[in-house]
Amino acid sequence: MKIVDAQIQTERTSLKRPFKTAVRTAFDIQSLIVKITLENGITGYGSGVATEKVTGDSLSGMKNILEQLLFPSILGKEIENIAENEMIIQTSCIGNTSAKAALSIALYDAYAKLLKVPLFQIFGGRTNSLINDMTISLNEPDEMVHDAIKAVEQGFSILKIKVGNDPQKDLERIQAIYDHLGDNIVLRIDANQGWSAKEAIKIIGEFESRNFPIEFIEQPVPQWDFDGLKFVRERVNIPIMADESVYSAKDAIKIVNKKAADLINIKLMKTGSLLEACKIASIAETAGIPCMIGCMMESSLSVLAAAHLAVAHPNIKKVDLDSPLWLNDHKVDRYFRNSQIHLEEIPGIGFHPVSQ
Ligand SMILES: C[C@H](N)C(=O)N[C@H](CCC(=O)O)C(=O)O
Ligand SMILES: [Mg+2]
């Protein structure tokens, strides 16, 4: 079934509260929605988000690359050749992963609708529910404690705590949260590249001696510093997760060969493709490295696509897909209920972002 049309729409969605990491503060998200149409009239939707400071994708850049390069490369192609279409998109240009992801998601949505199955079945999945975490923005310790208590009251038992702008303050932040929540809540710590390798070893050593209930430390050092990641991993006991260091399957192989991380965080906005995300999960599985599926602060549509992959892939063991819960957008409330994500057994991703 030929792909006969591809269109773009932009969307700005405000956040319920600012989202702050060591890299950036976001008050809203700007997304680009891709709609593709097959010759029988079936449509597929995907979306990509502009995160200039993380992936480098801007709204105008995504629009240009899609209209000038990626759409022409797949128009007229058969949707059933999904792997080949993915390869064409991936090799059309370097980078531009959020733009590529928007198109990849739209192709898979249309393909699953053509086959009349939920997207997770395309990836071999049967179950349809996941346990989500909630992220605590990087703020003064008191505010972070307040946000953490609120999240626990809402039913979250796994919190992802943002740190990384000041090692001494970061220690105060985790101590303050621990003092209020104790051992019952699992803490995921995300430094978003904010520490040097030596700072990371010092502060993680302190976390260990204070026995905080930390599940893992995410991306302690800059994304390019694979040696730093390995250096840290070899000197601490808390597991180290690679996030910004892994965009592609090749990056995952580098992590495996160097033994640089215990875990990998996969995000569609980094991989540019559902298939590439799947490859990373499988490479990591073969190497004995469990994966988490994560997200940028991004639209509910692309997060739902990631959730479909997560329920299907046996090596996606952890879930950090809380972005929809931050958005002033209630279109997906039926899928995201506090810490529960529940996918419906309807064809495709199960979500129409715009009126048809
Ligand atoms: C939203 C998710 N929980 C998260 O924390 N993602 C960040 C990056 C988000 C962004 O900057 O848009 C991460 O894992 O680094
Ligand atoms: Mg991260």
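Just so it is clear, the values below take in all heavy atoms, side chains as well, and ignore hydrogens, waters and symmetry mates. Atoms within a ligand are numbered from 1 in the order they appear, just like the ligands themselves.
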Point to revise | Lys113/Asp109 salt bridge by N-O under 4.0 Å criterion | key: yes

Practice item. Report, in ascending order of atom number, the atoms of ligand 1 lying under 4.0 Å from any heavy atom of Asp243. Key: 13 (C), 14 (O), 15 (O)

Review point. Where is the nearest protein heavy atom to atom 15 (O) of ligand 1: which residue, which atom, and how far?
Key: Asn192 ND2, 2.7 Å

Practice item. Locate the shortest heavy-atom distance separating Ile289 from Ala261; write the atom from each residue and the value. Key: CD1-O, 3.9 Å

Revision key, fill the gap. When distances are taken from atom 11 (O) of ligand 1, the protein heavy atom at minimum range is Arg24 NE, 2.9 Å

Review point. Phe123 and Tyr108: ring pair (Phe, Tyr, Trp, His ring centres under 6.0 Å), yes or no, with the steps?
Key: CA-CA 10 Å; Phe123 292 104; Tyr108 270 98; 5.2 Å; yes

Point to revise | Quiz item: cation-pi between Arg235 and Phe231, 6.0 Å / 45° | key: yes

Practice item. Find, among atoms of Asp243 that are N, O or S, the one nearest to the Mg ion (ligand 2), and state its name. Key: OD2

Review point. Hey, does Asp320 come in under 3.5 Å of ligand 1, counting only N/O atoms on both sides?
Key: yes

Review point. Looking at Arg24, Met297, Lys270, which hits side chain to side chain contact (heavy atoms under 4.5 Å, CB included) with Thr51?
Key: Arg24

Practice item. For Asp190, counting its heavy atoms only, list the atoms of ligand 1 lying under 4.0 Å from any of them. Key: 13 (C), 14 (O), 15 (O)

Check your understanding: Does a side-chain N-to-carboxylate-O contact under 4.0 Å join Lys160 and Glu218?
Key -> yes

**Study point:** Salt bridge Lys258-Asp227, side-chain N to carboxylate O under 4.0 Å
**Key:** yes

Exercise for review: Using a strict cut-off of less than 4.0 Å between a Lys/Arg side-chain nitrogen and an Asp/Glu carboxylate oxygen, indicate whether Asp190 and Lys162 qualify as a salt bridge.
Suggested key: yes

Check your understanding: Polar-atom distance check: Lys267 versus ligand 1, any N or O pair below 3.5 Å?
Key -> yes

Exercise for review: Among all protein heavy atoms, pick the one closest to atom 6 (N) of ligand 1 and tell me residue, atom and distance.
Suggested key: Cys295 O, 2.9 Å

Study note, to complete from the structure: Ranked by distance from atom 7 (C) of ligand 1, the top protein heavy atom is Lys162 NZ, 3.3 Å

Study note, to complete from the structure: Residue, atom and distance of the protein heavy atom nearest atom 14 (O) of ligand 1 read Lys160 NZ, 2.8 Å

Exercise for review: Provide the number and element of each atom of ligand 1 under 4.0 Å from a heavy atom of Met297.
Suggested key: 1 (C), 9 (C), 10 (C), 12 (O)

Check your understanding: Which atom, counting only N, O or S, brings Asp190 closest to the Mg ion (ligand 2)?
Key -> OD2

Practice item. Over 60° means perpendicular and under 30° means parallel, so classify the ring planes of Phe212 and Phe207, tilted if in between. Key: tilted

Study note, to complete from the structure: The atoms of ligand 1 lying under 4.0 Å from a heavy atom of Asp322, numbered in the order shown, are 1 (C), 2 (C), 3 (N)

Practice item. Kindly give the atom name of the N, O or S atom of Glu218 closest to the Mg ion (ligand 2). Key: OE2

Practice item. Determine, using heavy atoms of Glu218 and all atoms of ligand 1, whether some pair is separated by less than 4.0 Å. Key: yes

Check your understanding: Quick one: nearest non-hydrogen protein atom to atom 9 (C) of ligand 1, plus distance?
Key -> Phe19 CE2, 3.5 Å

Check your understanding: Any ion pair linking Glu11 and Lys331 (charged N to carboxylate O, less than 4.0 Å)?
Key -> yes

